[in-house]
Amino acid sequence: MRFTTVFLKILTLWICLFHEVYAQSVNEFPQKSDKLFKKVDLYEKLMLGNHWNEGAIMQHVIFPPAGLNRPIVGSQADCLDPTSEMLVALSLKYSITKDSQVKLKADQIFEAIEKLEKVTGVSGLFARSFNQTDKALWHEKALWYHEWHTSSSMPGYRWLGDISVDKYTSIIYGVGTYWEFCADQEKRNRAEALIDRFITKVMDDNFKLTDLDGKMTLWGNLCPDLPHQPLNSLLMLTGLKVAFHMTGKDKFSNAYKMLIEKYHYDDHQLASKVLFPEEWRNVGDDYHAARAFYMIMRLEKDKSLLNKYRMNLNRHWFDWKSMDMSWESSPWFPMVYHVLTGEDVSSNERKMVWKNMWGFERMKKAFEIPNEDGSIKIVESEEEGTAAAMIRNYWFGRYYGLIPPSW
Amino acid sequence: MVKMKISRLFLLLATIFVSAQSNAQDNIQPIPPEGMVYVPSGEFIMGSEIGDHDEKPKHVTSTSAFFIHKYEVSIKEYLEFDPNFKYSKGQLDNAVIVNWEQANNFCKCTGSRLPTEKEWEKAARGTDGRLFPWGNTFNESFVAWDYNDSRGGSIAKPASPYGCYDMAGSVWEWTADWYKPYPGNSKLIAEYGEKYKVMRGGSNFNNWSFYITSHRYYLHPIEISRYPVGFRCVKDL
């Protein structure tokens, strides 16, 4: 009896000491009443602690017990968005603080984006996300997208395909900003090479994002020979502009010129924003447009083209100026408009929104986990969303003087 | 000599008579079953040189005559076949979303079958090789990209040359065929074979170029994931 008790105590201690994987590594949450800088600091720790997947940032984390003895699992379709946002946030933070630890984290996130390419085994082809695992994980079939592949180039990894134009934008925006504000010379060279391979592949595939099977992905159409959304014309021009800016290679500026002169992408992009009917307005598309405007309008020197991008930005501003700013990236839209136009739009109302920015709450939810035999078990687990956009908003505001350090 | 002339004249008259009879037969279109349209036999242009590699080569091929549903099969119609089918309230008139087996069984039980890729593409683009069911120019307003507006719902959408609706957008549509390369296509990929069925027409969740009539996409016949796939049936004459 006594032996059993002692054994159980030792067993419990052993589990507590050596099974940290069953616990969230960061658990301190900010209070709503905290100063903004403290909220951002704590959310940054949560994101880098709990959402860290070898440098890639998970958009959604479901903690064990969720059918697995690993700390990270969740939908991974949009991981490139928070990965890019954290890379931008830390790049801007580094440019302000010059903190080497911040740069180290930014470097690791950039290396994860390199890994997103390496894991596919195809130069210029990027995964949406990856996992270090020998076998398919339960969420691969349960959580969209489902195009998971076993890596041929990185044994022991699986990766998620069917990359889309919004993830394309995440790569351009994240790596381009990192290159501009944070990377040292060695990393700048690698960032240039990465963007070179990425955009070259898009060009070689006739301005399409293609998957491992060589077919265009569900949302990969930037092609002049095929009908595509006007927003995609803006995104393609942005990618080429940034690629030329970073690498100096004429092939990118020539392609930019061709798409404008022969295929009129500069005119086509004017209709990126659907304003009416109002229910067709899409804040997700706004986000991709805002990132593209931020990258292309600072680089374009041709007044006529710049004017066209400004016209497109104006159409967005028509909606943004009175938009509900509760969505994670919507407080960032007026900042982008402010920076690109020089127009002071920092009204008291907007300042209050920026000051009160918030990340996420940890939630509990029941998940339907498929068993290997096809049956389903219901597991209640904790989950976290992402605060990467909020952290990016903060450091963007800090960098451009819209958010004072004292908030 | 006179006999020769008479026999030649007879032959000529006979040829004219047979030809006239044949033309008259061609011009008489069979009356399609309710909810279907008639697609005549003959050649048409299949495939594309500007789409994905699996759409190549653009080639001339032919089908026999057939009837095909004017609209995708609706939930209401599918419920007559499977009363236990689960659906959301208020969506009875929308296109049904099912796997290949379910679609195939429905067609069989109603005395019809799923269209082959050839038949689907011909019904969608006619004989002139057009890109979209209504012509060569894309018009966003012609596409049922909202699932709630599927099956020729609230917006005016031009029909295909043979009178089919929603062959661009709404839901993908199953075909009878396995995903295989066209004759003359030498680019081999791992997905070809008898693992995936071909679906056509794009849906409300993909980029605009998937509405091109020659576009092909492949999907597991049972595990359809979240792809919205429906179907329409064909009947032989």
* Is the centre of the B:F106 ring less than 6.0 Å from the centre of the B:Y78 ring? -> yes

* **Interface residue of largest heavy-atom contact number with chain A, from B:F210, B:F138, B:F132, under 4.5 Å** => B:F210

* Asked: Do you know which of A:L226, A:N232, A:T217, A:N206 has the most heavy-atom pairs under 4.5 Å to chain B?
  -> A:L226

* Heavy-atom distances under 4.5 Å only: say whether B:I212 touches chain A with side chain, backbone, both or neither. => side chain

* Structure fact -> Bottom line for A:H228: the part with an atom under 4.5 Å from chain B's heavy atoms is backbone

* Pair B:K197 + B:D177, salt bridge at N-O below 4.0 Å -> no

* Structure fact -> The interface call for B:E223 against chain A, heavy-atom contacts under 4.5 Å, is side chain

* Sort B:I189 into side chain, backbone, both or neither according to what part of it lies under 4.5 angstrom from a heavy atom of chain A. => side chain

* Asked: Do B:E121 and B:R125 sit within salt-bridge range, that is, some charged N less than 4.0 Å from a carboxylate O?
  -> yes

* To do: Going by the ring pair (Phe, Tyr, Trp, His ring centres under 6.0 Å) test, name the single residue among B:Y218, B:W174, B:Y179, B:W178 that passes it with B:Y196.
  => B:Y218

* Asked: Under 6.0 Å between the ring centres of A:W144 and A:H146?
  -> yes

* To do: Output the option from A:Q229, A:K208, A:M216 having the highest count of non-hydrogen pairs under 4.5 Å with chain B.
  => A:Q229

* To do: Using a strict 4.0 Å threshold on nitrogen-to-oxygen distance, state whether A:R158 and A:E140 make a salt bridge.
  => yes

* Structure fact -> Bottom line for A:S164: the part with an atom under 4.5 Å from chain B's heavy atoms is neither

